[in-house]
2 protein chains.
Amino acid sequence: MADINISSLSKRAMPTQTSGSAPAGEPIWDIIELLFFAYRDFVSDPDDVLAKFNFGRAHHRVLHFVNRNPGMKVADLLDVLKITKQSLGRVLKQLVDDGYVEQKEGENDRRQRLLYVTAKGETLAMKLAGLQSERIGRALAEIGPHAHDAARRFLVAMIDAESRDGVQKLIARADRARRPRP
Amino acid sequence: MADINISSLSKRAMPTQTSGSAPAGEPIWDIIELLFFAYRDFVSDPDDVLAKFNFGRAHHRVLHFVNRNPGMKVADLLDVLKITKQSLGRVLKQLVDDGYVEQKEGENDRRQRLLYVTAKGETLAMKLAGLQSERIGRALAEIGPHAHDAARRFLVAMIDAESRDGVQKLIARADRARRPRP
DNA sequence: TGAAATATGTCAACATGGCTGACATAAATA
DNA sequence: TATTTATGTCAGCCATGTTGACATATTTCA
């Protein structure tokens, strides 16, 4: 447990100033590089599992968001993933063909193909989310009581200001959908 | 300024327990998804600049680490990036041909090709690091005094235990090299 | 009702950046 | 001298992103 030696990093911090819009202090090297390494490890756990199913990261993203937002429209998914419909179409087709995702005609608007995970799809999605949650849970537990909140605040603040609201609403809505009003 | 509404998230937290190796609580959806969105935005700023130079993310990574660790061996770079020498070779060749990176014969071991950024290379590397630092600096400033430390601890803890030490040493060593002993 | 807009799908072609496998060269080392 | 090491390179494959063009069904609007 813990060869973590944080004190050795961050010689002289305080770059792009705590105050206003300072121009260009020394780059914040530690966070830049830690983000690279942390994100790489974060996505690597699912990658190993996905490989066994002949799926890649693209499939993971689709499966994840469909699992979290059952009944979402294709257009919504395109909006969340910010990829082209051709790129989405490729992986979505495989997920449907292999029985991980279903498409149902919209009730009001019959042009829509609402997306749902199948039982099989949910199992895989939850397995992958479980792996990532284990890593996150371990990390947060190592740090202390307010770690979750601190991490969330940091990550939210790293998102483009224009998208933050949308992202947070997406997350909150998915949470509500998953466990309906008590 | 601040459509950040953190309180709306995280209905019921405490998944993979604060204590030991609990098996499989509810996934930590917010962090999973925020990491996806935050990292996407984090790499998007450099992407736009790189596109103008006909470079991609792979070039960015190489340029970044060579800038941070002048004189590093090709083998070291392969180790950090965890890609094959063929993948590295492709982008490295372009960076050298275009005059962003130089290779010098090792003094002790003349088989080695030690890597250095040129003036041009440093300018670009610093510009990209500056963009990312602006985003990070803004985020940390928004949050509060201990944000940098909290973010660093979180990210370190997210890295595979076996690599943490190496990563932190890499960062610390690069910091020392950049501003030699006072 | 008929024209236009919308939601989705699909074909073709291309770029980037991973990968494997095989092989080449120069220099260090046993 | 024989072997190992550090690096480079050729050839080809795969995943996943892109653009552009076009097709189909359905809804909406004038």
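Since the model is a prediction, treat every value here as computed from it, not as a measurement.
Shown here are the side-chain hydrogen bond (donor to acceptor under 3.5 Å, both in side chains) partners of B:D45, two or more places apart in sequence or in another chain: B:R135. Qualifying ring-ring contact (aromatic ring centres under 6.0 Å, His included) partners for B:F65, counting only residues two or more places apart in sequence or in other chains: A:F36, A:F37. By the side-chain hydrogen bond (donor to acceptor under 3.5 Å, both in side chains) test, A:D48 pairs with no residue at all, sequence neighbours left out. Evaluation of the side-chain hydrogen bond (donor to acceptor under 3.5 Å, both in side chains) rule for A:D47 yields A:R57 as partners, not counting sequence neighbours. Scored by the side-chain hydrogen bond (donor to acceptor under 3.5 Å, both in side chains) test, B:R110 finds no partners at all (sequence neighbours excluded).
What separates CG of B:D76 from P of D:dA6 is a distance of 10 Å, to the nearest Å. What separates CD of A:Q112 from C1' of D:dA25 is a distance of 13 Å, to the nearest Å. Atom pair A:L77:CG and C:dA7:P shows a separation of 15 Å (rounding to whole Å applied). The distance from atom NE2 of A:H60 to atom P of D:dA15 is 18 Å, rounded to the nearest whole Å. To the nearest angstrom, C1' of D:dT7 lies 19 Å from NZ of B:K104. Rounded to an integer number of Å, the gap from A:L78 CG to C:dT10 C1' is 14 Å. We find that CG of A:L92 is positioned 13 Å from P of D:dG17, with the value rounded to whole Å. Distance CG (B:L115) to C1' (D:dA6): 12 Å, rounded to an integer number of Å.
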TODO: Summarise protein proximity over nucleotides 17-30 of chain C in one line of letters, 5' to 3': B for base, S for sugar-phosphate only, - for none, counting protein heavy atoms closer than 4.0 Å.
DONE: BBBBBB----BS--
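The list of ring pair (Phe, Tyr, Trp, His ring centres under 6.0 Å) pairs with a residue in residues 87-114 of chain A, not counting sequence neighbours, reads A:F55-A:Y100. Pairs engaging residues 113-131 of chain B under the side-chain hydrogen bond (donor to acceptor under 3.5 Å, both in side chains) rule: none recorded [sequence neighbours left out].
A salt bridge links A:E142 with B:R164: at least one charged nitrogen is closer than 4.0 Å to a carboxylate oxygen.
If one axis is set at each end of the helix from C:dT1-D:dA30 to C:dA30-D:dT1 from five pairs, those axes are 10° apart, to 10°.
Heavy atoms of other residues, nucleotides or ligands lying less than 6.0 angstrom from CD of B:E105 number more than 12.
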